[in-house]
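Remarks on the structure that follows.
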Amino acid sequence: MTNNVTEFPKRDDVDIEAAQAYFDDLIDRDLRIEPADWMPDAYRKTLTRQVSQHAHSEIIGMQPEANWILRAPSLKRKAILIAKVQDEAGHGLYLYSAAETLGTPRDELNQQLLDGKAKYSSIFNYPARTWADMGAIGWLVDGAAIQNQVPLCRTSYGPYSRAMVRICKEESFHQRQGWEILYTLAQGTPEQKQMAQDAINRFYGPALQMFGPPDAESPNSKQSMAWKIKRFSNDELRQRFVDMIVPQCEALGLELPDPDLKWNEERGHYDFGELDWDEFFAVIKGHGPCNAQRMARRREAHDNGAWVREAAAAYAEKQAAEADTAVA
Ligand code: BYC
């Protein structure tokens, strides 16, 4: 599928100036760029970076929660958690597929993760210590994900925007299940309520950092917004998220761990305290509490999955040979 109103020349004999004008016009008119459309190399590169890192985040993001499947407090909680972790695997797959349409094979993208050359979300480098952390991850981490990702349903690259529609529907179920875990704990014994509060205390700051560095220190934002890959800046989305979670936290009867959090009548938003950006940059450079463990697990899972990839390749070869015989 392409947006081309008139047939555009193929890449080999493309007139770059005309192609660029055509691309700019699609962006201006808020139409989608499709895989067969001409696009500037830098657009392709930044999208491949963002979409593949998003995919890696979904895959690594399965680890903190998978850790609690065997320890979920009831059969129902276990079934819900398994479904959620499976959803994250699915998100990873849609996103790798979307990234591949930009021209880099999935094996190569995966190798960049395994080699430590590609990033994944900072949030998954924090440990999930208690059952309440499943609530905090669902409510805060998936909540931040929705805030960031709903605008991506309108991102300028067609395959990415379409993948995001289903992902956001699933994330919204994830957020509700997280809030409900915390709500149940908050209505329980004083120890359970304290466990919920403690989980919020640990995940609040890292969840706000998921939106990326402050706008002034975000090297990619300006161009990504001009290309309508990003629809809102990191700080705008972070502010929307804070405004959303304050009343939700009040409904839980719990507190957000920020003494500077207060309603600002003039701005029509909540003010909140400075985040620990030194910690954020250390985490994305690989020095968070769980970076080494997350990568070791991912490499181990990749190695253990070698036989599945070999079996799938052998089956595909057999099918192709059978199809050739049938044609001959
Ligand atoms: N963690 O110029 P900036 C999920 C990097 S999955 C690590 O603002 P950009 C979920 C950034 O990549 C959540 N790195 O960049 C899954 C860049 O470095 P590079 C993942 C970060 O791209 C399972 C540098 O810092 N969501 O929700 O304009 C279970 C400068 O930043 C982070 C997505 O990936 C971070 N938090 O904006 C539950 C959403 N922030 O690449 C939940 C799609 C920044 O130049 N991605 N960096 O080496 C985006 O919306 C954007 O890529 C970001 C960053 C807002 C994350």
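Note that ligands are numbered from 1 as they come in the structure, with each ligand's atoms numbered from 1 the same way.
Ion pairing between a basic and an acidic side chain is recognised when a charged N comes within 4.0 Å of a carboxylate O; Asp41 and Lys45 show no such pairing. Ion pairing of Lys230 with Glu236 is absent here, as no side-chain N (NZ or NE/NH1/NH2) approaches a carboxylate O to less than 4.0 Å. Arg267 has no carboxylate O lying under 4.0 Å from a charged side-chain N of Asp243, or vice versa, which leaves the two without a salt bridge. With respect to Glu170 and Arg166, a salt bridge is recorded, a charged nitrogen being found less than 4.0 Å from a carboxylate O. Looking at Asp133 and Arg202, a side-chain N of the basic residue comes within less than 4.0 Å of a carboxylate O on the acidic one, giving a salt bridge.
The parts of Asn220 lying near ligand 1 are both backbone and side chain, judged by heavy-atom distances below 4.0 Å. Residue contacts with ligand 1, taken as heavy atom pairs separated by less than 4.0 Å, involve His54 via backbone and side-chain atoms alike. Counting heavy atoms closer than 4.0 Å to ligand 1, residue Phe124 contributes side-chain atoms (C-beta onward) but none from N, CA, C or O. The part of Asn148 lying near ligand 1 is the side chain, judged by heavy-atom distances below 4.0 Å. Within the 4.0 Å heavy-atom criterion, the part of Phe280 lying near ligand 1 is the side chain and not the backbone. Contacts between Ile123 and ligand 1 below 4.0 angstrom, taking non-hydrogen atoms only, are absent altogether. Contacts with ligand 1 closer than 4.0 Å are made by no heavy atom of Thr46, backbone or side chain. Contacts of Lys230 with ligand 1, taken as heavy-atom pairs under 4.0 Å, involve the side chain alone. Residue contacts with ligand 1, taken as heavy atom pairs separated by less than 4.0 Å, do not involve Phe232 at all.
Between Phe280 and Leu275 the shortest side-chain heavy-atom distance does not fall below 4.5 Å. Residues Phe124 and Ser57 form a side-chain contact, since some pair of their non-hydrogen atoms from C-beta on lies under 4.5 Å apart.
Backbone and side-chain nitrogen or oxygen atoms of Lys84 are examined, and none is located within less than 3.5 angstrom of a nitrogen or oxygen of ligand 1. At least one N/O-N/O distance between Met210 and ligand 1 falls below 3.5 Å. For ligand 1, the polar-atom distance check finds no N/O of Glu217 at less than 3.5 Å from any of the ligand's N/O atoms.
Side-chain contact of Gln248 with Trp179: a donor-acceptor pair under 3.5 Å is absent, judged by distance alone. Counting only N and O atoms by type, the side chains of Gln111 and Asp107 include no donor and acceptor under 3.5 Å apart.
Within ligand 1, the atoms closer than 4.0 Å to a non-hydrogen atom of Tyr120 are 1 (N), 7 (C), numbered from 1 in the order shown. Ligand-side atoms of ligand 1 in range of Tyr160: 43 (C), range being under 4.0 angstrom from any heavy atom. Atoms of ligand 1 found under 4.0 Å from any heavy atom of Ile284 (numbered from 1 in listed order, with element): 1 (N), 7 (C), 14 (N), 25 (O). Interface of Gln209 with ligand 1, defined as ligand atoms under 4.0 Å from a residue heavy atom, comprises 36 (N). Atom numbering of ligand 1 starts at 1 in the shown order; those under 4.0 Å from a heavy atom of Asn234 are 8 (O), 55 (C). Those atoms of ligand 1 that come under 4.0 Å of a heavy atom in Ser122, given as number and element, are 1 (N), 7 (C), 35 (C), 36 (N). Residue Pro219 has at least one heavy-atom neighbour below 4.0 Å for each of these atoms of ligand 1: 2 (O), 30 (C).
For Arg176, the CZ atom sits in a loose shell: 12 or fewer heavy atoms of surrounding residues, nucleotides or ligands are nearer than 6.0 Å. The neighbour count for Glu265 CD, taken as heavy atoms of other residues, nucleotides or ligands under 6.0 Å away, does not exceed 12. Annotation for Gln319: atom CD counts as buried by contact number, over 12 foreign heavy atoms lying within 6.0 Å.
Nearest heavy atoms, Thr155 versus Ile229: OG1-O, 2.7 Å.
Residue Tyr96 is tested with His56, Arg106, His91 for a side chain to side chain donor-acceptor pair (under 3.5 Å); the sole match is His56. Of the listed residues (Lys84, Met134, Arg77), just one forms a side chain to side chain contact (heavy atoms under 4.5 Å, CB included) with Gln177, and that residue is Lys84.
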Report the C-alpha separation of Glu217 and Phe281 in whole Å, then their side-chain angles, then the decisive distance to 0.1 Å, and conclude whether the side chain to side chain contact (heavy atoms under 4.5 Å, CB included) test is met. CA-CA 11 Å; Glu217 292 172 58; Phe281 286 113; 3.6 Å; yes
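The closest donor-acceptor contact from the side chain of Asp215 to the backbone of Asp235 lies under 3.5 Å.
Shortest contact from atom 41 (O) of ligand 1 to any protein heavy atom: Arg49 NH1, 2.9 Å. Atom 38 (C) of ligand 1 has as its closest protein heavy atom Asp142 OD2, 3.4 Å. At the shortest separation from atom 55 (C) of ligand 1 among protein heavy atoms lies Phe211 O, 3.5 Å. From the protein, the heavy atom lying nearest to atom 49 (C) of ligand 1 is Gln50 NE2, 3.6 Å. For atom 3 (P) of ligand 1, the nearest protein heavy atom (residue, atom name, distance) is Ser218 OG, 3.4 Å. Nearest protein heavy-atom contact of atom 27 (O) of ligand 1 is Ala145 CB, 3.0 Å. Residue, atom and distance of the protein heavy atom nearest to atom 16 (C) of ligand 1 are Glu58 OE1, 3.2 Å. With hydrogens left out, the protein atom closest to atom 12 (O) of ligand 1 is Gln53 NE2, 3.1 Å, a heavy atom.
Between Ser233, Ser57, Gly92, it is Ser57 that holds the heavy atom closest to atom 20 (C) of ligand 1. In this comparison of Ser121, Ala144, Gly212, the heavy atom closest to atom 40 (N) of ligand 1 sits on Gly212. The residue from Arg238, Lys285, Lys117, Lys119 that puts a heavy atom closest to atom 19 (P) of ligand 1 is Lys119.
In this pair, Tyr43 and Phe23 present their aromatic rings perpendicular. The plane angle is above 60°, beyond the 30 to 60° band. Using the six-membered ring where Trp is involved, Phe241 and Phe211 have ring planes that are tilted, between 30° and 60° apart.
Contact analysis leaves Phe281 out of contact with ligand 1, as no non-hydrogen atom separation drops below 4.0 angstrom. Distances shorter than 4.0 angstrom do not occur between any heavy atom of Ser224 and any atom of ligand 1. Taking 4.0 Å as the cut-off, Gln149 counts as a neighbour of ligand 1 on heavy-atom distance.
Under the 4.0 Å distance rule, the nearest protein heavy atom to atom 33 (C) of ligand 1 falls inside the cut-off.
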